[in-house]
Amino acid sequence: MNVLEKLRSVFGDATPEGGDRQVFMAAVRPSGDPKFGDYQANGCMALAKTLGKNPRELAAAVREVVDLEPMADKPEVAGPGFLNVRLRDEWLSRTLAELLGDASLGLSGPGTTKKTVVVDFSSPNVAKPMHVGHLRSTVIGDSLARIFEALGHRVVRDNHLGDWGSQFGMILWGWKNARDAAAYEADPVAELARLYRLAQERIRGGDKGVEEAGRAETVKLHAADPENRELWRRFMPHCLKALAAMYQRLGVRFDVELGESFYDPMLSDVVEDLSKRGIAEESEGAVVVFVDRKKAPFIIRKSDGAFNYGTTDLATIQYRDKTWGPDQILYVVDHRQGDHFKQLFAVARAWGYDKVDLQHVAFGTILGADRKPFKTKQGDVVGLESLLDEAVAEARKVVDSNSPDLDPDERARVAEVVGLGAVKYADLSQNRISDYVFDWQKMLAMNGNTATYLQYAYARIQSIFRRGEVRPEDVRRRRPAILLSHPAERGLAARVVRLPEVLELAAAELKPNIVTDYLFDLANAFSKFFEECPVLKAESAERRDSRLALADLTAETLKFGLNLLGIDVVDRM
RNA sequence: GCACCCGUAGCUCAAUUGGAUAGAGCAUCGGUCUACGGAACCGAAGGUUAGAGGUUCGAAUCCUCUCGGGUGUACCA
């Protein structure tokens with residue numbers, strides 16, 4: 001049950017004469033301050049102006065009409081015209097009791113209409129090891145996919161691999177001119193990465209020869225040159241295997257991994273169709289679409305006849321629309337491609353794809369402490385593998401010192417879960433468009449607003465059940481009455497029931513940090529409860545059962561929420 | 001030059017999109033313990049939301065200008 005949605009509909013029915021129901025509903029929201037209750041309706045002030053009435057009187061009138069039974073008593077009119085709602089304890093108790101046996105924690109209700117969403121994320125270039133820059137897209141995209149799935153939407157996770165671009169031309173050049181056969185034998189991906197870096201360095205150093213040679217290799221590859229195609233086919237499995245290993249460690253999966261190469265056969269048709277419809281035109285030898293005459297056009301065929309990523313992206317939209325008929329396509333990509341997507345979406349709309357909601361889920365570049373793009377001291381970008389290893393090693397130190405009683409295998413497992421959780425959470429708990437300052441300390445932190453804090457709260461709850469020799473399933477089956485006489489109990493209860501509305505908001509805003517904020521708040525409320533309300537030594541059997549139930553619901557919510565962030569929990573840590 | 005993004009506590013970030021006294025974490029200082037796990041809890045201090053105007057019941061949020069930073073800007077992806 002989505003409490004906010006329910007309240008919105010109830011207040012919607014009480015919209016004053018002449019007011020906009022939608023606007024009035026949207027003005028219902030959780031209270032920022034508990035002293036104003038649990039939820040508040042703020043629509044009266046805005047309406048008062050358009051209707052030419054006194055906002056407090058309007059609020060008083062709504063108060064009389066609105067029917068909050070049995071969730072709450074009549075709302076309270078406060079300030080200039082706020083309507084404050086406080087959920088009834090009996091209602092909260094009953095709702096929690098229902099949640100107790102519900103594996104979906106209240107998400108399985110009728111809810112909003114289900115849609116199909118394609119999430120295009122991670123999308124690394126193959127043949128280059130993944131680095132910290134790939135983390136954001138991978139982790140944010142995975143989390144958004146999980147959130148939409150949890151809400152019952154149909155999700156297509158698509159890894160749009162960069163397996164066809166000019167970086168392959170550079171590798172081909174490197175292979176033909178500088179390969180180390182033994183190194184390739186030993187570790188193909190490392191050798192290919194070395195060749196790529198070598199080519200890049202030469203080009204950056206002003207070597208026009210390498211630049212042209214690389215481009216020529218790319219053209220040959222695209223033109224079905226047998227040798228280059230053969231090399232591509234040889235390299236790809238190694239590259240994909242290395243990527244798959246990384247995704248497995250991260251716990252990220254895809255439904256499809258259709259790279260740029262997949263769309264290659266469709267590109268000439270795309271250009272032809274756009275030209276035939278008069279959307280594309282020739283300019284300076286290239287085929288382009290002018291989205292805005294004053295600005296640079298969107299190029300779909302270069303003057304040398306080759307296609308570029310804009311063409312591929314259009315073919316991709318066409319394919320996705322045909323294959324899945326999505327309502328929404330999310331592109332989880334660095335904000336520096338904002339202009340590209342703006343143009344791409346405009347061209348797609350002109351082309352007829354005006355029903356699908358195309359969204360660029362942009363995020364900031366990762367910077368070092370010096371505010372320049374993040375590098376190690378050696379000048380290389382930090383590899384994702386070594387970042388994860390570092391985080392896990394850091395976690396291992398803490399586990400070793402705090403829990404020497406766990407056997408080494410289990411400590412290793414806990415360290416992996418805690419370390420990866422820390423890294424993912426550091427990325428997900430902040431979702432600003434502005435650039436992101438990479439900070440080892442923050443990445444590896446395990447105090448405060450971190451995944452570790454949430455995992456710790458979970459482990460403490462499991463510990464209660466272990467110590468009390470109680471099985472959570474038994475508590476769930478008993479469905480004890482939930483007593484909310486202590487403020488900490490009530491605070492916890494009011495948060496547990498918010499999960500569905502939080503997920504809806506996170507999905508609407510495309511912001512996983514809404515989930516992290518919620519979970520941190522929940523864990524905080526639990527810590528307070530844990531300090532102030534003894535569970536196993538509660539003063540009565542009824543109270544003990546009630547608190548066990550509250551603890552179990554909190555644990556299940558934490559586990560569920562962390563899972564939506566791609567983060568695991570452990571029973572002991 | 002033009003376009004877009006950003007500027008919030010010492011640092012890293014929130015603020016449910018115009019709501020009530022701008023909140024967290026880290027760092028600093030002080031407290032809590034025979035504990036159902038101290039990877040915790042409580043408290044203090046820290047702010048003219050870059051600056052100046054404007055819009056209105058109400059602005060970190062919207063508008064204008066100024067200052068500062070970032071990104072993009074015709075054949076890389």
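The shown structure was predicted, so the numbers you read here are calculated from the model rather than taken from an experiment. Keep in mind that the numbers below use all heavy atoms, side chains included, and drop hydrogens, waters and symmetry copies. In the text below, chain A, chain B and the rest are named by the order of the sequence lines, each starting its count at 1.
The pair A/Glu501-A/Arg498 meets the salt-bridge criterion, since a charged nitrogen lies less than 4.0 angstrom from a carboxylate oxygen. Under a 4.0 Å N-O distance rule, the pair A/Glu394/A/Lys397 qualifies as a salt bridge. Taking the charged nitrogens against the carboxylate oxygens, A/Asp427 and A/Arg136 do have a contact shorter than 4.0 Å, which makes a salt bridge.
At whole-Å resolution of the value, CG in A/Asp334 and P in B/rG70 are 16 Å apart. Rounded to a whole Å, the CZ atom of A/Phe526 is 14 Å from the C1' atom of B/rA39.
The separation of B/rA59 from B/rG53, taken at their C1' atoms, amounts to 14 Å, rounded to a whole angstrom. Here, B/rC42 and B/rC33 have their P atoms 15 Å apart, quoted to the whole Å. Look at the P atom in both B/rC26 and B/rA44: the space between them is 16 Å, to the nearest Å. When the C1' atom is compared between B/rG7 and B/rA15, the two are found 16 Å apart, to the nearest whole Å. On the C1' atoms, B/rC5 is 45 Å away from B/rG37, given to the nearest whole Å. Taking the C1' atoms as reference points, B/rA45 lies 10 Å from B/rA9, given to the whole Å. Comparing the C1' positions of B/rU48 and B/rA60 gives a spacing of 12 Å, expressed to the nearest Å. For the C1' atom pair drawn from B/rU28 and B/rG10, the interatomic distance equals 10 Å after rounding to whole Å.
The aromatic ring centroids of A/Tyr453 and A/Phe520 lie less than 6.0 Å from each other. Two rings, from A/His340 and A/Phe298, have their centers less than 6.0 Å apart.
With no hydrogens or angles considered, no side-chain donor-acceptor pair links A/Asn125 and A/Tyr196 at under 3.5 Å. Side-chain atoms of A/Thr450 and A/Asn447 form no donor-acceptor pair, as typed in the model, at a separation below 3.5 Å. Side chains of A/Thr311 and A/Tyr263: no donor on one and acceptor on the other come within 3.5 Å. Remark: the A/Gln40 side chain and the A/Asn42 side chain contain an N/O donor-acceptor pair separated by less than 3.5 Å. Side-chain contact of A/Lys442 with A/Gln430: a donor-acceptor pair under 3.5 Å is present, judged by distance alone.
Taking every heavy atom of both residues into account, A/Ala395 and A/Met446 meet most closely at CA-CE, 3.9 Å. Taking all atoms of both residues into account, the shortest heavy-atom contact from A/Gly174 to A/Leu195 is O-CD2, 3.6 Å. For A/Ala551 against A/Phe465, the heavy-atom pair with the smallest separation is CB-CE1, 4.4 Å. Across A/Gly169 and A/Thr218, no two heavy atoms sit closer than the pair CA-OG1, 3.2 Å.
Evaluation of A/Phe530 against the base of B/rC36 yields a stacking contact (centre distance < 5.5 Å, interplanar angle < 30°). Ring stacking is absent between A/Phe82 and B/rG19, as the pair misses the limits of under 5.5 Å between centres and under 30 degrees between planes.
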Residues 532-548 of chain A, side-chain donor-acceptor partners within the protein, below 3.5 Å, at least two apart:
from	atom 1	to	atom 2	distance (Å)
A/Ser540	OG	A/Arg543	N	3.1
A/Arg543	NH2	A/Ser485	OG	2.7
A/Arg544	NE	A/Leu536	O	3.3
A/Asp545	OD1	A/Arg478	NH2	3.0
A/Asp545	OD2	A/Arg478	NE	3.2
A/Ser546	OG	A/Leu483	N	2.9
A/Arg547	NE	A/Glu489	OE2	2.7
A/Arg547	NH1	A/Pro534	O	2.8
A/Arg547	NH2	A/Glu489	OE2	3.4

In a table with atom names and distances, give each donor-acceptor pair under 3.5 Å that connects a side chain of residues 512-519 of chain A to protein atoms at least two apart or in another chain.
from	atom 1	to	atom 2	distance (Å)
A/Thr516	OG1	A/Asn513	O	2.9
A/Tyr518	OH	A/Arg495	O	2.7
A/Tyr518	OH	A/Leu499	N	3.4

Would you list the protein and nucleotides 7-10 of chain B atom pairs, both N or O, that sit under 3.5 Å from each other?
from	atom 1	to	atom 2	distance (Å)
B/rG7	OP1	A/Arg432	NH1	2.8
B/rG7	OP1	A/Arg432	NH2	3.1

Contacts under 3.5 Å, N or O only, protein and nucleotides 23-28 of chain B:
none

Could you run down the sub-3.5 Å N/O contacts of the protein with nucleotides 30-32 of chain B?
none

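The residue A/Ser303 sits close to a base: some heavy atom pair falls under 4.0 Å. As judged by a 4.0 angstrom heavy-atom cut-off over every strand, A/Ser166 is placed among residues touching the sugar-phosphate backbone only. Using a 4.0 Å heavy-atom distance criterion, A/Ala459 is classed as a base contact. Within 4.0 Å (heavy atoms only), A/Val399 reaches at least one base atom of the nucleic acid. Within 4.0 Å (heavy atoms only), A/Ala78 reaches at least one base atom of the nucleic acid. Across all strands shown, A/Tyr458 has no heavy atoms under 4.0 Å from either base or sugar-phosphate atoms.
Looking at A/Ser283, its side chain comes within 3.5 Å of the base of B/rA74 through a donor and an acceptor atom. For A/Asp292 and B/rA3, a side-chain-to-base donor-acceptor distance below 3.5 Å is absent, hydrogens and geometry of angles not being considered. On a pure distance criterion of 3.5 Å, a polar donor-acceptor pair joins the side chain of A/Lys35 and the base of B/rU21. Between the side chain of A/Tyr456 and the base of B/rA39 there is no donor-acceptor pair of N/O atoms closer than 3.5 Å. Residue side chain A/Asn125 does not reach the base of B/rA77 through any donor-acceptor N/O pair under 3.5 Å, judged by distance alone.
Geometric assessment of A/Arg460 against the ring of A/Phe530 yields a positive cation-pi assignment under the 6.0 Å and 45° thresholds.
Picking from B/rG37, B/rA74, B/rG19 the nucleotide with the shortest atom distance to the side chain of A/Arg29 gives B/rG19. Each of B/rU71, B/rC57, B/rC36 was ranked by its minimum atom distance to the side chain of A/His335; first place goes to B/rU71. For A/Val288, taking side-chain heavy atoms from C-beta onward, the closest of the listed nucleotides B/rA74, B/rC57, B/rA40 is B/rA74. The side chain of A/Lys295 lies closest to B/rA3, out of B/rG37, B/rA74, B/rA3.
Nearer to the 5' terminus of RNA chain B, by closest-nucleotide assignment, is the contact made by A/Lys442 (compared with the other of A/Pro297 and A/Lys442). Each of A/Pro534 and A/Ala523 was assigned the nucleotide of RNA chain B with the nearest heavy atom; the assignment lying further toward the 5' end belongs to A/Pro534.
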RNA chain B base-pair string [pairs: Watson-Crick or G-U under 3.5 Å; |: paired with another strand]: (((((((..((((.....[...)))).(((((.......))))).....(((((..]....))))))))))))....
